[in-house]
Amino acid sequence: MSEAQGGGARDRDARGFPAFPARRGGRARGQSFWAAQWTEAMEDVWPEEGPLKKGRSFARTGRIGPITVSPGRVAAEVYGGEETYRTRLTLTVLDYDEWELLWEKTADRPAETGALLAGDLPEDLLEAVEDARVRMLPGYGDLDADCGCDALDHPCQHATALAYQLSWLLDSDPWLLLLIRGRAAGEAVEELKSALLLRALAGDEEEDEPGETGTETEPATTPPAPDPGTYAAQRAVYARPATPLPALPPLPEPPAAPEEPPTGIEAGPLDRLAADAALRARELLAHAHGFGTALPEPLDVWQDTVRLAATHPDPRVVQRLRTGCGRPGEDLDRAAAAWRTGGRAALDVLEHPWTPPAQQTARARTALATAWEAEELPPITVEGNHWTLTGRDLQLRLGRDGRWYPYRRRDTGWWPAGPPSTDPAQTLADLTGLTDDDEQL
């Protein structure tokens, strides 16, 4: 197939799939038969465990955009920090003779043929693929990757992550394996039907050869030609000139934006006040659901100072708070960063360590062991409500509100690293995925 032909087939048969959301730890490999076959073959082609492990971690972060699968190519945009990269996997498209041979070998297998015609991709199709000596799964020199990240690893973590996400797609649609090799599902079934028809016709010709049965065939009759006037009315209709459409009306002028807000209040402070009110409402709701034995107390002086530093739109006010709060300015900066992730509950997590009940700790360990593959779960040191990833400068902190808060070590200590989650595996996956990506960048 030429480049022009390949491009045309790719555009015609391309299929798009929405981006996968971020996943908690879990397995990065697809679970179905064809997904497992794809993953095993891909990992044989790219056997270095380092890029594969990074790819499995990155695949769960939700940073891979919508995926396009087309003949010879799987492509997606990958969001790596502040940069966006175009990542592609390329495979060899089978030519016409290879497809014809594959369908001939498939036609020898009634069970597989019946399954394909019924819309299923049977596992035993691999035997027909081997008989035809064609490639359905990736092999050496057949699978390649290209990414704009310019990483030293080849393939990079973005390409291997895309390959793992393709196995997720194969869980629900194994026919994509045929599409990558050059045949959409409908086209593949029609070609198989043609192979079966040719085989049937060849069998009929062998049975009806003259002299074998002693019967004579009657000459075929030619159908009469249609009357020339039969379609005259239809031709007259299509011969009429097309009536031009009326011109579009002009676009209206864009509405003029008011120079000042109608209320005289800018939107920026309102956004922060609304967010602060939402945090207060969440504290009340958490109490209503059993987190905490008493209603939240009014904010003390320090807490209110932190709230203002986290939400006030004027940097001059924040600077005055840093100067007059009675603590080092960096303490206020860190506390404000915590407040922005979860209000007073997040500030409490920053400043007050505690020891959770043993049952709550055991549930968290079970959640991590269930969601992560054994070889990928980082070693963790537990001290009270602080769960520190050994050698990674990363930490999870369990709040009294039942949420897990991510932290990252800086030169001056531990700093909040993002919003919390009730699922420790999800928080850990987000934290380690972000860190792996930052290291790659």
Side-chain angles (χ1 to χ4, degrees), residues 10 14-15 17 19-20 23 25-78 80 85-94 98 102 121 123 125-127 129-130 133-149 151-183 372-376 433 436-437 440:
R10 185 179 299 131
R15 293 184 58 191
F17 299 89
F20 287 100
R23 293 186 173 188
R27 296 186 178 275
R29 301 173 176 89
Q31 301 301 299
S32 66
F33 171 81
W34 289 107
Q37 292 293 320
W38 162 268
T39 305
E40 181 179 350
M42 179 269 293
E43 292 178 344
D44 285 342
V45 175
W46 295 332
E48 294 187 21
E49 181 57 27
L52 293 176
K53 185 175 181 180
K54 290 181 180 179
R56 289 193 291 271
S57 177
F58 193 89
R60 305 186 190 98
T61 63
R63 293 188 175 191
I64 297 180
I67 300 175
T68 301
V69 181
S70 56
R73 184 171 65 183
V74 181
E77 286 191 344
V78 175
Y85 307 121
R86 185 69 173 171
T87 305
R88 295 186 305 173
L89 309 177
T90 55
L91 293 96
T92 305
V93 173
L94 302 183
E98 289 175 311
L102 174 58
L121 200 67
E123 298 177 6
L125 180 64
L126 277 180
E127 297 181 8
V129 170
E130 294 173 356
R133 298 182 182 277
V134 298
R135 283 182 172 177
M136 191 63 63
L137 299 169
Y140 294 103
D142 173 53
L143 173 63
D144 199 4
D146 178 60
C147 183
C149 70
L152 297 179
D153 291 334
H154 184 79
C156 66
Q157 64 170 346
H158 308 129
T160 52
L162 181 58
Y164 281 114
Q165 285 203 358
L166 178 59
S167 74
W168 303 353
L169 293 177
L170 292 175
D171 278 339
S172 57
D173 189 357
W175 288 88
L176 294 177
L177 274 178
L178 275 65
L179 177 58
I180 297 172
R181 292 301 187 180
R183 289 295 184 270
W372 282 70
E373 297 186 29
E375 72 273 13
E376 295 183 12
D436 289 342
D437 186 46
Q440 180 67 38

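Everything quoted here is computed from the prediction, not taken from an experiment.
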On a heavy-atom basis, the closest approach of Ala159 and Ala145 is CB-CB, 3.6 Å
Assess the side chains of Asp142 and Thr92: does a donor N or O sit below 3.5 Å from an acceptor N or O?
-> yes
For the residue pair Arg183 and Leu94, establish whether any side-chain heavy-atom pair is separated by less than 4.5 Å.
-> no
State, yes or no, whether a side-chain contact exists between Leu166 and Ile67 at a heavy-atom distance under 4.5 Å.
-> no
For Arg86 and Gly148, indicate whether the former's side chain and the latter's backbone hold a donor-acceptor pair under 3.5 Å.
-> no
So, the side chain of Arg181 versus the backbone of Leu137: is there a donor-acceptor pair under 3.5 Å, distance only?
-> yes
Looking only at heavy atoms, which two atoms of Cys147 and Thr87 are closest? And how far apart?
-> SG-OG1, 3.2 Å
Working to the nearest 0.5 Å, report the span between CG of Leu121 and CG of Leu177.
-> 7.0 Å
Can you find a heavy atom in the side chain of Asp144 that is under 4.5 Å from one in the side chain of His154?
-> yes
Pairwise side-chain contact, Leu102 with Glu98, heavy-atom cut-off 4.5 Å (strictly under) = no
Flag side-chain contact, heavy atom, 4.5 Å: Leu178 against Met136 | yes
Got a salt bridge between Glu43 and Arg29, using NZ or NE/NH1/NH2 to carboxylate O under 4.0 Å?
-> yes
Test the Arg23-Trp168 pair against the cation-pi criterion, namely NZ or CZ under 6.0 angstrom from the six-membered ring centroid and within 45° of the ring axis.
-> yes
Might you point out which heavy atoms bring Leu91 and Pro138 nearest each other, and give the distance in Å?
-> CD2-CB, 4.0 Å
Please walk me through it: do Leu170 and Gln37 pass side-chain contact (heavy atoms from CB on, under 4.5 Å)?
-> CA-CA 10 Å; Leu170 292 175; Gln37 292 293 320; over 6 Å; no
Distance, nearest 0.5 Å, that separates CG of Leu176 from CH2 of Trp38 = 10.5 Å
Is a donor on one side and an acceptor on the other found under 3.5 Å between the side chain of Asp171 and the backbone of Ser32?
-> yes
Minimum heavy-atom distance Cys156-Ala151, with the two atoms named | CB-CB, 3.8 Å
Do any N or O atoms from the side chain of Thr39 and from the backbone of Ala36 form a donor-acceptor pair under 3.5 angstrom?
-> no
OG of Ser70 to CZ of Arg15: how many Å apart, nearest 0.5 Å?
-> 11.5 Å
Should Trp34 and Asp173 be marked as a side-chain contact (heavy atoms from CB on, under 4.5 Å) after you check the CA-CA gap, both sets of side-chain angles, and the distance that decides it?
-> CA-CA 9 Å; Trp34 289 107; Asp173 189 357; over 6 Å; no
Side-chain heavy-atom pair Gln165, Leu169 within 4.5 angstrom cut-off = no
To the nearest 0.5 Å, atom CD1 of Ile180 lies from atom CG of Leu89 at 8.0 Å
Taking all heavy atoms of Val93 and all of Pro71, pick out the closest pair and write down the distance.
-> CG2-C, 3.8 Å
Heavy-atom closest contact (Tyr164 atom, Ala59 atom, distance) | CB-CB, 4.4 Å
Test item: Thr160 and Phe58 side chains (from C-beta on) under 4.5 Å apart, heavy atoms | no
Do any N or O atoms from the side chain of Ser57 and from the backbone of Lys54 form a donor-acceptor pair under 3.5 angstrom?
-> no
